[in-house]
Amino acid sequence: DYEELLKYCKQYKLKMEDQHIGYLQLQYLYMRSFFINDWKIDKSTETAFSYYKGQTQKYWLSFNLSGQAMIGLSLHRLSDSTTPNKILKSLREKSLNKEEMGMYWKQETGYYWYEAPIETQALMIEFFSEVAKDDKAVDDLKTWLIKQKQTTDWKTTRATAEACYALLLQGENWLSSDKLVQVSLNNQNITPAQDSPQVEAGTGYYKVNVPKEKITSEMGNITVKKEDIGVSWGAMYWQYFEQLDKITPSETPLKIKKQLFIEKPSDRGNILTEITPNNMLKVGDLVKVRIEIRVDRNMEYVHLKDMRASGFEPTNVISQTKYQDGLYYYESTRDVATNFFIGYLPKGTYVFQYDLRVAQAGDFSNGITTIQCLYAPEFSSHSEGIRVNVIKN
C-alpha cells in the first residue's frame with residue numbers, strides 16, 4: 001500500500017502529509033499491536049509502518065468509533081500515551097450514560113465491518129479496560145452489551161464471539177457468583193432456594209406463581225435486592241379478567257396510544273373528527289384507526305394486535321408486507337383483529353393507520369390494542385378499551 005501510495009502521489013502531485021489511511025490499515029496496525037514484543041518490525045517495512053502510525057496520530061478524528069478505538073489500542077501498545085488519552089477524553093464526552101442501559105454512544109450502523117454496533121462496543125470495552133483502566137466504565141459498557149441481547153440477537157457468529165471475548169476478558173468477573181436476586185412482596189420473600197428444581201442452571205431463571213386467592217393490594221410493594229456484582233432483570237405480571245372497554249392503558253418501555261376518527265370529505269379535503277363516547281357513528285361512516293407506538297430501545301420480533309368492534313368491517317382485506325418511515329412490517333387482517341408483525345423495530349415513534357367501514361348499528365366494544373416483543377415477552381403493553389355507539393341513518 002505504501003509503495004503504491006508513493007507512485008500515486010508522485011503521478012498526481014499529491015502531498016504525502018495529507019490523509020492517505022483507511023480502515024484496512026487501521027486493522028493491520030491493531031493486529032500488529034498484539035505482537036510488538038514478540039515480532040519485531042522488519043527494516044524493509046519500518047518506513048511504511050511509521051508512516052501509517054503517524055497518519056493515525058494526525059487523523060484519528062476522521063474515523064468512526066470503531067476506528068478510534070482501534071487507533072487508541074494500537075498506539076497505546078506502541079508506547080504513545082498522548083493520542084490514546086485524547087481519544088479517551090473525546091469518547092467520554094460523546095458517551096451516553098443511563099442506569100438501566102449502561103454506557104453507549106449514538107452511532108450510525110452500516111454494512112461495513114467497522115460499522116457493526118456489537119463489535120464496536122466490544123472494542124470499546126477492550127479500549128477502556130486497557131487504556132483507561134476504569135472498571136466502572138467497563139462494567140457500564142458490558143451492561144449495554146448484555147441489554148442488547150435482552151431484546152435483540154447479536155446478529156452474527158463474529159459479533160457473538162467478539163461480545164463473549166469482551167465480557168469474559170475485561171472488567172469484573174460477573175460469572176464468579178451464582179447467587180439469586182432476593183425478591184420480596186410486602187416484605188415476604190418469594191425467592192426459591194438456590195438448589196431448587198425451579199431454578200434454571202447457569203442463568204438462574206425461575207418463575208413464581210401467586211394464586212388469585214392469596215393476592216392482596218399490599219403485594220404492590222415489591223422489593224428487589226441484588227447482593228453480588230453483575231446485572232439481573234425480571235418482570236412481574238398481574239393477570240385478571242375485565243370488560244374490554246373498561247381496561248386502562250398499560251405503560252412499559254413499549255408505549256401505545258390508540259385513537260378512532262370519523263373521516264368525512266369537505267371542500268377543504270378530508271376532515272378527521274376523533275370518536276368519543278358522546279360522538280355517535282352512523283352506518284356507512286368511514287373510520288380511521290390511528291395507533292401510535294413509542295419504544296426506547298431496539299427490539300426484534302414484535303407483534304402488534306389491534307382488535308375492532310364487531311360492527312366494523314375492514315376496507316383492506318389483503319395481507320401484505322408494507323414499508324413506511326423506515327419500518328418494514330407484515331399486515332394481516334383477520335376476523336377479530338388486524339395484526340402487524342415487525343421483524344425489527346428500532347427505537348423511536350411510529351404511527352400505523354388503516355380504514356374501517358361501519359356496517360352494523362348498535363353499542364359495541366372496540367377492544368384494545370396490544371403489543372409485545374416476542375424475543376423478550378416481558379416487554380408488552382396495551383391501550384385502553386374504547387366503546388362505540390352506532391345509530392341507523
Side-chain angles (χ1 to χ4, degrees), residues 97-104 135-154 163-164 167-168 171-242 247-256 294-303 347 368 370-383:
N97 289 270
K98 294 183 180 179
E99 184 180 3
E100 181 188 359
M101 301 303 293
M103 182 177 179
Y104 61 101
D135 287 341
K136 173 64 169 60
V138 170
D139 285 344
D140 288 342
L141 290 165
K142 289 165 66 175
T143 298
W144 185 90
L145 199 58
I146 289 181
K147 289 294 286 185
Q148 299 313 294
K149 195 69 175 67
Q150 184 184 15
T151 56
T152 63
D153 60 18
W154 278 338
C164 292
L167 290 170
L168 295 174
E172 296 280 355
N173 182 8
W174 288 358
L175 298 182
S176 60
S177 173
D178 57 0
K179 194 170 184 179
L180 296 178
V181 175
Q182 299 297 313
V183 181
S184 300
L185 300 181
N186 193 30
N187 298 322
Q188 181 182 351
N189 183 37
I190 63 167
T191 307
Q194 185 71 51
D195 56 354
S196 171
Q198 290 179 267
V199 180
E200 186 178 79
T203 65
Y205 170 82
Y206 65 89
K207 181 177 180 179
V208 176
N209 292 318
V210 181
K212 63 179 182 179
E213 59 270 13
K214 293 186 178 181
I215 294 177
T216 61
S217 58
E218 289 77 16
M219 287 185 172
N221 300 318
I222 307 166
T223 304
V224 180
K225 185 178 181 181
K226 182 172 174 61
E227 298 177 341
D228 55 352
I229 59 174
V231 296
S232 296
W233 58 69
M236 187 168 193
Y237 307 88
W238 180 31
Q239 294 180 325
Y240 60 94
F241 292 98
E242 182 57 277
I247 295 176
T248 55
S250 164
E251 284 201 358
T252 66
L254 268 172
K255 295 180 174 61
I256 188 168
R294 297 174 183 268
V295 58
D296 68 350
R297 66 200 71 187
N298 298 337
M299 293 188 182
E300 290 186 327
Y301 317 120
V302 177
H303 176 214
K347 61 181 178 181
I368 60 174
T370 58
I371 187 170
Q372 185 171 37
C373 174
L374 301 185
Y375 194 93
E378 65 268 27
F379 290 94
S380 64
S381 183
H382 60 76
S383 70

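Keep in mind it's a predicted model, so treat the numbers as computed, not measured.
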Going by heavy atoms in the side chains, are Lys98 and Lys147 under 4.5 Å from each other?
no
For residues Gln372 and His382, determine if any side-chain heavy atom of one lies less than 4.5 Å from a side-chain heavy atom of the other.
no
Under 3.5 Å: donor-acceptor pair, side chain of Thr151, backbone of Asn298:
yes
Set out, in order, the CA-CA distance, both residues' side-chain angles and the distance that settles side-chain contact (heavy atoms from CB on, under 4.5 Å) for Thr191 and Val181, then state yes or no.
CA-CA 8 Å; Thr191 307; Val181 175; over 6 Å; no
Pairs of donor and acceptor atoms involving the side chains of residues 213-228, under 3.5 Å and at least two apart or interchain, shall be tabulated with distances.
unit_1, atom_1, unit_2, atom_2, d
Thr216, OG1, Glu218, OE1, 3.3
Asn221, ND2, Glu218, O, 3.3
Lys226, NZ, Asp228, OD1, 2.9
Lys226, NZ, Ser232, OG, 3.3
Glu227, OE1, Lys179, NZ, 2.5
Asp228, OD2, Ser177, OG, 2.7

Tell me which one of Leu254, Ile256, Thr252 satisfies side-chain contact (heavy atoms from CB on, under 4.5 Å) with Val295.
Leu254
Show the nearest heavy-atom pair for residues Tyr375 and Gln150, with the distance to one decimal.
CD2-O, 3.4 Å
Between Ser381 (side chain) and Ser250 (backbone), is there a donor-acceptor pair under 3.5 Å?
yes
Hey, can you pull the donor-acceptor pairs under 3.5 Å for the side chains in residues 195-202, sequence neighbours left out?
unit_1, atom_1, unit_2, atom_2, d
Ser196, OG, Gln198, N, 3.2
Gln198, NE2, Lys207, O, 3.2
Glu200, OE1, Thr203, OG1, 2.5

Decide yes or no for Ile190 and Tyr206: does some side-chain heavy atom of the first lie under 4.5 Å from some side-chain heavy atom of the second?
no
Less than 4.5 Å apart, any side-chain heavy atom of Trp154 and any of Lys149?
yes
Stepwise side-chain contact (heavy atoms from CB on, under 4.5 Å) test for Met103 and Asn97
CA-CA 5 Å; Met103 182 177 179; Asn97 289 270; 3.4 Å; yes
Side-chain touch Trp174/Asp139, heavy atoms, less than 4.5 angstrom
yes
Within the structure provided, determine whether Trp233 and Glu378 are in side-chain contact (heavy-atom separation under 4.5 Å).
yes
CA sep, side-chain torsions, deciding dist, call: Met236, Leu185, side-chain contact (heavy atoms from CB on, under 4.5 Å)
CA-CA 11 Å; Met236 187 168 193; Leu185 300 181; 3.4 Å; yes
